[in-house]
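Below: the structure, in C-alpha cells.
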Protein chains: 2
Amino acid sequence: MRKKITLKEISKRFNVSISTVSKALKDSPEISERTRKLIQEFAKEHNYKPNNIALSLKNQKTKNLGIVLPEIQHFFFSSITTGIEKCATKRGYNVIICISNETFEKEVINMEMLANGSIDGFIMALSQGTQKAGDFHHIKEVINRGMPVVMIDRVTEEVDCDKVIIDDFKGAYDAVNYLIDQGKKKIAILTMPDYMGSVGKLRTEGYKKALRDAGIEIDEKRIVKLDNFYNDFEAVEALFKESEVDAVFAVTEFFAVQAIKMAQKSGLKTPDDIAVIGFTDGIISKSSSPSLTTVSQHGEEIGYRAASLLIDRLENESDEEPPYTKEIIQTTIVKRESA
Amino acid sequence: MRKKITLKEISKRFNVSISTVSKALKDSPEISERTRKLIQEFAKEHNYKPNNIALSLKNQKTKNLGIVLPEIQHFFFSSITTGIEKCATKRGYNVIICISNETFEKEVINMEMLANGSIDGFIMALSQGTQKAGDFHHIKEVINRGMPVVMIDRVTEEVDCDKVIIDDFKGAYDAVNYLIDQGKKKIAILTMPDYMGSVGKLRTEGYKKALRDAGIEIDEKRIVKLDNFYNDFEAVEALFKESEVDAVFAVTEFFAVQAIKMAQKSGLKTPDDIAVIGFTDGIISKSSSPSLTTVSQHGEEIGYRAASLLIDRLENESDEEPPYTKEIIQTTIVKRESA
DNA sequence: TTGTAGGCGTTATCAC
DNA sequence: GTGATAACGCCTACAA
C-alpha cells in the first residue's frame, strides 16, 4: 500500500492508454470484457479512487460547502454545524468551516478565500462586527459572481438570498407569555444591544409586545442590556434585592444561568420567588440546577434546512433560478424546573 | 462584477499569452513595465484571484487540513476545533471538518473521502465505535500513502504518528489528590468503560493511584462506570444516601453536574457534605451552581499544537522525516465552588 | 520582452 | 476495442 495511484500509473502497468483505463473503470461497454475485469481488479487492489481535486477542476464544482460562523463553542452554533454536516454528508458534500470570531475582517477574508474555487456555495451567519459595521459588500460580491449563499439566524435585509431564521420575536413573545401565565407580573429581560438584531432587538420587542398585550406596563429599568458574556450582573442583583422582579426572561442560556445565581445569592428561590426562562436549549439548560426552562431554537434543524436549501439550489438544473425563500423555524418552549 | 475571471480571459483582453499574464501578475521582471502595470490594474479591477483548485492540482497540495472528530457539541471538542482553526488560519490553511458521530463507519468514510485529494493531512480523534472495534486500518492506510496524521486526545498505540494528548492519568491523580487534601476520605469516581481509553481507563487508574498513595483503601462500589450521557444515576444517589461518599471525582463535566444534583436531592451540601470535581473546563463548569471545580484540558491548546505539528510536517522540506512526537499538554485544576 | 509547451488527474469526444 | 486530444486553470522551463 504505497502512494496514491492514478489512471496514468494503471495505464502504464497494462500498456494501455489512460482513456482506456478511465472507461474500463466506468464499466464502459466500449472496452472488452477482459480488459475491463483486469483493470478493475487491479484498481480495487490498489484502492484506486479518482482524485477529488482533478474532478473539481474538470467539473467546475467542488462538492464542498463553505460555512462561515462567528464561533462554534456555544451550543447554538455547534448544533447548527451538526445539522449542516448531517445534510451535507447525506447528499455527498463536504463541509469547510471557517470561524469569523465575531469580527468583520475575518469574515471577509474567510469568504474571499473560500469563494476562490474551494467551495460551491456558502452558509453563513453574520459576525457581530459585520452587524455593527453594516457592511455587506463581501456577501453581495460573492452572490454577484453566481455563488449561492444561505444566511442563517443572524441575517440582514440588505442582502438578497435564501435565509433560514427562527422567529425571535415570537419566541420571546411566547416565553414572556409563559411567565405571565404563571402569574408573574414584574418581568425583567436580560438582553443585548440593538445592533445584535435578532438576539437583541427582536427578542426585546417580543418581550414588550407580550407585556403590552397582557396590559402590563413596561418598566425601562427592567430592561437590562448586557454587552457580552463577562458583563456586570450587579445591576441585575440590585433589581432582585429591591424585589422589583419576580421573573426573568434571558436572551441567552448564559444570562439565564447567571440570573439564577444572582437570585440564589439574594436568597431568592427559583422558580417561586424568581422564575427564569432562557433562550437556546443547550447543554447548560439541561445540566443547570434547577434545570432551565428555555426557548429551543432547534439549531440542528436550522443547519439541516440551510444545507438542504443550498444544495437544492446548487443542483437545480433548470435554467431559471427559483426565487429566494425565507424559512422560519418555529421555536418551542422546553419546560423544566426554572419556570 | 460578474463571474470569476481567469488568466485566459485577461490574456484575451490584452491579446497576449496566458503566461505573459501570469508573469505580469507575479511582477516578473521579464515583463515590460507597461504591460505589467496594465495587466495588474485590470486584474485588480476585476478582482482576479487565482483559482484554488487549479493551484491545488498543480502544486499537489491543497492547503486544507482534514479534521475528523466524534462530535463538536461538547465544549472539549469545539474548543479543540477553535484552536486548530486559529493555527490553520494563521498559517494559511483551511479546515475541513467531518464528524464521525462516534461511529466507526462514518469515521472510515470521512477519512476516505478527504484522503482523496481534498486535504494535505489529518487531525483526528478516535470515535467510540473505532475504539470499541479496535480497527485502525483506515488510519494506517492513509499514513502509508504518505499523508500525515496527528491524533489527538483519543489515540491508540497501534498507530504510529504524531500525537497530542493530555495526561489523563496525572490529571485524575491531581484531581483526587486535591480532594484528599481537603480532608475527603470516601471518594467516589464517576467514570466510563475501559474501552474509552483515556477518558475511562486512564482516569480511573489515576484515581486509584492517588488513593493508594494516600493509603486509602479502594472500594469497588465507589467506582461507578456509566456508559453514556443518559445513564441511570440512581446507583450514585444510593451511594450518597448511605453516606458512603464524601467527595466525587467525575470524569466529565456532565457527570459532575449530575453528581451535584443527586447530592442536592439527597439533601447534601456541596462542597461541605459532598465535594465534586469534574473534568473539562467548559461552559457547564463555569455556569453551574455551585460552579464546578474542574480539571482543565486546555482543548484550544491541544488543537493549536496539533495543527502546528501537522503543518510543520507538511512544510518540512528536508528529505528525512522527523521522528514522530507525542506532546502531552498538562492539565490544570481550576478551583471554583464545588470543591 | 513575449510566447510555447508540458503537466497536474480526470473525462468526453472523436478518430482509428 | 482502443487511443489521441482537448479541456478545466495555473505555473514554469525553455524557446524565440
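As rounded to whole Å, 8 Å separates atom C1' of D:dG9 from atom CD1 of B:I18. Taking atom NZ of residue B:K4 and atom P of nucleotide D:dC10, one finds them 7 Å apart after rounding to whole Å. One interatomic measurement links the two molecules: CD1 of A:I31 to C1' of D:dG3, which rounds to 9 Å at whole-angstrom precision.
Toward the 5' end of DNA chain C, the nearer of the two residues A:K49 and A:K23, judged by each one's closest nucleotide, is A:K49. Comparing A:L7 and B:N15 by the nucleotide of DNA chain C whose heavy atom lies nearest to each, the residue mapping closer to the 5' end is B:N15.
Near DNA chain D, defined here as any heavy-atom distance below 4.0 Å, the residues from residues 55-66 of chain B are B:L55, B:K58, listed numerically.
Donor-acceptor pairing under 3.5 Å, judged by distance alone, is present between the side chain of B:S19 and the base of C:dT4.
Nucleic acid contact class of B:S22 (heavy atoms, under 4.0 Å, all strands): base.
Contact annotation: A:T35 side-chain N/O to D:dT2 OP1/OP2 distance is under 4.0 Å. For B:Y48, no side-chain nitrogen or oxygen approaches OP1 or OP2 of D:dG9 to under 4.0 Å. Considering only side-chain N and O atoms, B:K8 lies under 4.0 angstrom from the phosphate OP1 or OP2 of D:dC8. Between B:T20 and C:dT2 there is no side-chain polar atom (N or O) within less than 4.0 angstrom of OP1 or OP2. For the pair B:S32 and C:dT1, the criterion of a side-chain N or O lying under 4.0 Å from OP1 or OP2 is not met.
A:S19 and A:S22 form no side-chain donor-acceptor contact under 3.5 Å, judged by distance and modelled atom types alone.
Between the side chain of B:E85 and the main chain of A:I99, a donor-acceptor pair closer than 3.5 Å is present.
Minimum atom distance to the side chain of B:K26 is reached by D:dT12, of the listed C:dT2, D:dT12, C:dG9.
Relative to the six-membered ring of B:Y304, B:K86 misses at least one condition, a distance below 6.0 Å or an angle of at most 45° to the axis.
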